**Q** 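One structure coming up, written as structure tokens, with questions to follow.
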Amino acid sequence: MTLRLYDTATREVRDFEPLVPGRAGIYVCGPTVQGSPHVGHLRSFVAFDVLQRWLIRTGHHVTMIRNVTDIEDKVIAKAAEAGVPWWAWALQFEREFSEAFRAVGMLPADYEPRATGSIPEIVAMIELLVERGHAYEVNGSVYFDTASFPAYGALTNQGLGDMAPAADSPADAKRDPRDFALWKASKPGEPTSAVWASPWGLGRPGWHIECSAMARRYLGDEFDIHGGGLDLRFPHHENEQAQSRAAGYAFARLWLHSAWVTQSGAKMSKSLGNGLLVSEVLREHQPAALRLALAGVHYRSMLEYSDSTLTDATATWARLAGFVQRASERVGSHTHAEVAAAELPEPFVDAMNDDLSVPRALAHIHEAVRLGNAALTAGDDPAVASAVLSVRAMLDVLGLDPACEQWKGEAQASAALTALDSLVQADIEARAQARAAKDWQAADAIRDRLSAAGIVIEDSADGARWSLSTDD
RNA sequence: GGUGGAGUGGCCGAGAGGAUAGGCAGCGGCCUGCAAAGCCGUCCACACGGGUUCGAAUCCCGUCUCCACCUCCA
């Protein structure tokens with residue numbers, strides 16, 4: 001059975017047939033670096049990370065391009081509001097995204113082109129569109145002529161007449177309100193550092209053209225898979241496809257869209273302000289648990305995020321990691337090369353090939369863990385060894401092998417904190433008794449001892465809590 | 001108005017005409033000095049109303065509810 005993927009453009013599950021057998025070129029719309037990453041962003045990128053890993057595992061040479069849109073109206077506006085240069089603003093959040101990607105164990109992209117590093121390609125593509133009669137200039141700005149391209153709306157199955165006007169520029173400047181900006185003439189008051197020379201004068205690219213230009217530069221006129229969040233389908237991806245095809249390029253053969261993260265049924269979003277920042281979630285939860293929570297649901301299903309999402313995932317992770325830990329102590333640890341070369345069970349392979357059905361794949365992993373645990377109890381070491389190798393190989397496909405470099409330190413750190421907590425809690429209790437008996441000397445002695453060890457005690461009405469000192 | 005998605009047990013979440021999804025929680029047991037972990041067993045389902053079929057969570061018709069996109073979005 002070969003890999004089958006749901007193609008948003010044709011609205012059906014299709015066999016993955018790469019342009020060049022054995023190779024896969026993937027373009028994933030990366031972040032517009034206007035703010036901090038929240039778990040909704042991460043869900044999408046983790047989904048495509050699993051795709052990347054599965055393609056690699058099934059013998060493909062993958063080229064993963066994930067762009068950074070670092071010049072855009074919102075970036076400029078938010079930076080201005082904060083009194084910071086737009087480029088510093090953009091880089092700050094680019095770093096935060098990179099840190100979040102690293103924290104949840106994403107494979108690095110092969111390249112992460114920035115829009116600002118692709119201006120010549122962008123200008124060239126706009127020139128080509130003007131030449132071919134699919135774009136026109138008005139007062140130094142250039143617009144895509146939607147009426148000139150009959151296939152406009154094909155990706156999202158919409159007719160032009162049903163669409164609302166594009167609001168990215170004044171309607172009176174355009175031939176048709178649905179036309180959208182390819183190049184935006186610079187206006188007085190805008191930062192002079194956000195401006196590039198072009199045949200139409202100084203300006204900057206519109207929002208969609210950068211992806212068309214970068215995808216072509218790094219993946220060619222036609223490439224295998226274009227991915228992104230479901231909310232990018234329109235207008236962003238529709239416009240990308242229109243631009244590229246109007247320019248004469250075949251563009252993406254398959255469109256993949258990941259569903260969003262919801263809270264109480266409503267989409268997590270920057271504009272709603274209900275986005276849970278990755279940095280906040282990771283303060284209280286293990287990164288592996290976050291990855292498991294995000295990757296564990298099928299990528300096209302909404303992921304309902306609640307208070308129990310991460311605690312459930314943490315328990316599941318503890319079960320998986322616990323088995324690998326106990327089994328490895330018993331029969332020794334396999335090398336990563338052995339894990340990468342291990343044969344994968346057929347039910348797992350079938351699930352992954354069926355539009356990346358991670359939930360079904362996980363069900364099979366649990367089955368293998370159960371058998372492995374039983375073998376551990378029975379003292380059947382050969383069965384333990386084969387189970388742990390198989391479990392690690394499957395988890396590795398999901399980026400969740402507990403014994404790999406990414407995660408093996410984490411379990412120890414967290415176990416150390418748990419152990420420390422139980423010791424400290426005993427002290428806290430003894431101190432509470434001393435305080436109740438008004439034995440201040442004894443109470444202070446306990447606090448001083450903990451303090452000397454770098455542990456800070458804070459009293460409150462609800463009792464004492466402890467934390468590690470952040471001094472020096 | 002246009003386009004698309006969803007409703008499954010206490011909770012999360014697969015499946016898509018006939019078999020036990022899986023996990024968490026619960027209950028009973030095994031193991032254990034007691035626990036924990038683990039294992040075994042077990043309870044609790046397919047939004048509603050019709051229809052097709054030997055058989056429907058799955059197909060068809062209708063209804064209800066929820067959600068998203070329609071130029072800020074991962």
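Convention: sequence-line order gives letters A, B, ...; per-chain numbering from 1. Here the structure is a predicted model, which means the values were calculated and not measured. Hydrogens, waters and symmetry mates play no part in the numbers below; they use all other heavy atoms, side chains included.
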**Q** What integer number of Å spans the C1' atoms of rC43(B) and rG9(B)?
**A**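 rC43(B) and rG9(B) have their C1' atoms separated by 10 Å.
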**Q** Between protein and nucleotides 38-46 of chain B, map the contacts as a letter string: B base, S sugar-phosphate only, - none, heavy atoms under 4.0 Å, written 5' to 3'.
**A** SSS------
**Q** Between rC24(B) and rC39(B), how far apart are the two P atoms, rounded to whole Å?
**A**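 It works out to 8 Å between them.
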**Q** Measure CG/L320(A) against P/rG22(B) and give the value in whole Å, please.
**A**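 Going from CG in L320(A) over to P in rG22(B) covers 15 Å.
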**Q** Might you confirm whether atom CZ of R253(A) has over 12 heavy atoms from other residues, nucleotides or ligands at distances under 6.0 Å?
**A**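 Count over threshold, so yes.
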**Q** Using a cut-off of 6.0 Å, state whether more than 12 heavy atoms not belonging to W196(A) lie near its atom CH2.
**A**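 Correct, the count exceeds 12.
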**Q** Return the 5'-most residue of the pair G229(A), T156(A) with respect to RNA chain B, ranking by each residue's nearest nucleotide.
**A**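 Of the two residues, T156(A) wins.
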**Q** Tell me, which of residues 147-154 of chain A have any heavy atom that sits under 4.0 Å from an atom in RNA chain B?
**A**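 Y152(A), in order of number.
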**Q** Once you round it to whole Å, what is the distance between P of rG23(B) and CG of D312(A)?
**A**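 It works out to 13 Å between those atoms.
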**Q** Expressed in whole Å, how much space separates the P atoms belonging to rG15(B) and rA36(B)?
**A**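 It comes out at 35 Å once rounded to the nearest Å.
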**Q** Can you find a side-chain donor-acceptor pair between E240(A) and H236(A) that sits under 3.5 Å?
**A**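 A donor-acceptor contact under 3.5 Å links the two side chains.
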**Q** Using the C1' atom as the point on both nucleotides, what is the distance between rC48(B) and rG7(B), in whole Å?
**A**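 To the nearest whole Å, 11 Å.
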**Q** Taking the C1' atom in each of rA6(B) and rA19(B), what is the distance between them to the nearest angstrom?
**A**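 Here rA6(B) and rA19(B) have their C1' atoms 27 Å from each other.
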**Q** Distance only, no hydrogens: is a donor on one side chain within 3.5 Å (strictly under) of an acceptor on the other, for D354(A) and S357(A)?
**A**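 Looking only at side-chain atoms, S357(A) and D354(A) do not form any donor-acceptor pair under 3.5 Å.
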**Q** When the C1' atoms of rA16(B) and rC46(B) are compared, how many Å lie between them, rounded to an integer?
**A**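 rC46(B) and rA16(B) have their C1' atoms separated by 12 Å.
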**Q** Report yes if a side-chain nitrogen or oxygen of K267(A) is closer than 4.0 Å to either non-bridging phosphate oxygen (OP1 or OP2) of rA74(B); otherwise report no.
**A**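 It does not, given that no N or O in the side chain of K267(A) lies less than 4.0 Å from OP1 or OP2 of rA74(B).
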**Q** Rounded to whole angstrom units, what separation is found between the CG atom of L294(A) and the P atom of rC12(B)?
**A**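 The answer, rounded to whole Å, is 17 Å.
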**Q** Nearest to the side chain of W260(A), heavy atoms from C-beta on, is which of rC67(B), rC72(B), rU71(B)?
**A**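 Nearest nucleotide to the side chain: rC67(B).
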**Q** Using atom P in both nucleotides, what's the gap between rC11(B) and rA47(B) to the nearest angstrom?
**A**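 Taking atom P in both rC11(B) and rA47(B), they lie 14 Å apart.
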**Q** Quick one: on RNA chain B, does C29(A) or G159(A) contact a more 5' nucleotide (nearest heavy atom)?
**A**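 Whichever sits nearer the 5' end wins; that is G159(A).
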**Q** State, without any angle test, whether T32(A) and Q34(A) hold a side-chain donor-acceptor pair at a distance under 3.5 Å.
**A**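 No pair is found: no donor N or O on one side chain lies under 3.5 Å from an acceptor on the other.
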**Q** Looking at E99(A) and R102(A), is any side-chain nitrogen of the basic one under 4.0 Å from a carboxylate oxygen of the acidic one?
**A**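 Between E99(A) and R102(A) there is a salt bridge, with a charged N closer than 4.0 Å to a carboxylate O.
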**Q** What interatomic distance, in whole Å, is found between C1' of rC27(B) and the corresponding atom of rC67(B)?
**A**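 That atom pair is separated by 36 Å.
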**Q** Start with the C-alpha gap between R360(A) and D355(A), add the side-chain angles, then the distance that decides, and say whether salt bridge (Lys or Arg N to Asp or Glu O under 4.0 Å) holds.
**A** CA-CA 11 Å; R360(A) 265 165 58 206; D355(A) 196 28; over 6 Å; no
**Q** Is the closest side-chain donor-acceptor distance between D70(A) and T116(A) under 3.5 Å?
**A**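 Short answer, yes.
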**Q** Calculate, to the nearest 0.5 Å, the distance between atoms NE2 and OG belonging to H298(A) and S258(A) respectively.
**A**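 Rounded to the nearest 0.5 Å, the NE2-OG separation comes out at 10.5 Å.
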**Q** State the OG1-CZ distance between T2(A) and R4(A), to the nearest 0.5 angstrom.
**A**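 It is 7.0 Å, given to the nearest 0.5 Å.
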**Q** Would one find a side-chain N or O of T32(A) under 4.0 angstrom from OP1 or OP2 of rC72(B)?
**A**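 No, no such contact exists.
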**Q** For the pair R370(A) and E367(A), find out whether any cationic side-chain nitrogen is under 4.0 Å from an anionic carboxylate oxygen.
**A**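 Yes, charged N to carboxylate O under 4.0 Å.
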**Q** Assess, by modelled atom type and distance only, whether the side chains of E210(A) and T69(A) contain a donor and an acceptor separated by less than 3.5 Å.
**A**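 Yes, because at least one side-chain N or O of E210(A) sits under 3.5 Å from a partner of the opposite role on T69(A).
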**Q** Represent RNA chain B in dot-bracket notation, 5' to 3'. Only Watson-Crick or G-U wobble pairs with both distances under 3.5 Å count; pseudoknot-style crossings use [ ] and interstrand partners use |.
**A** (((((((..(((.....[...))).(((((.......)))))....(((((..]....))))))))))))....
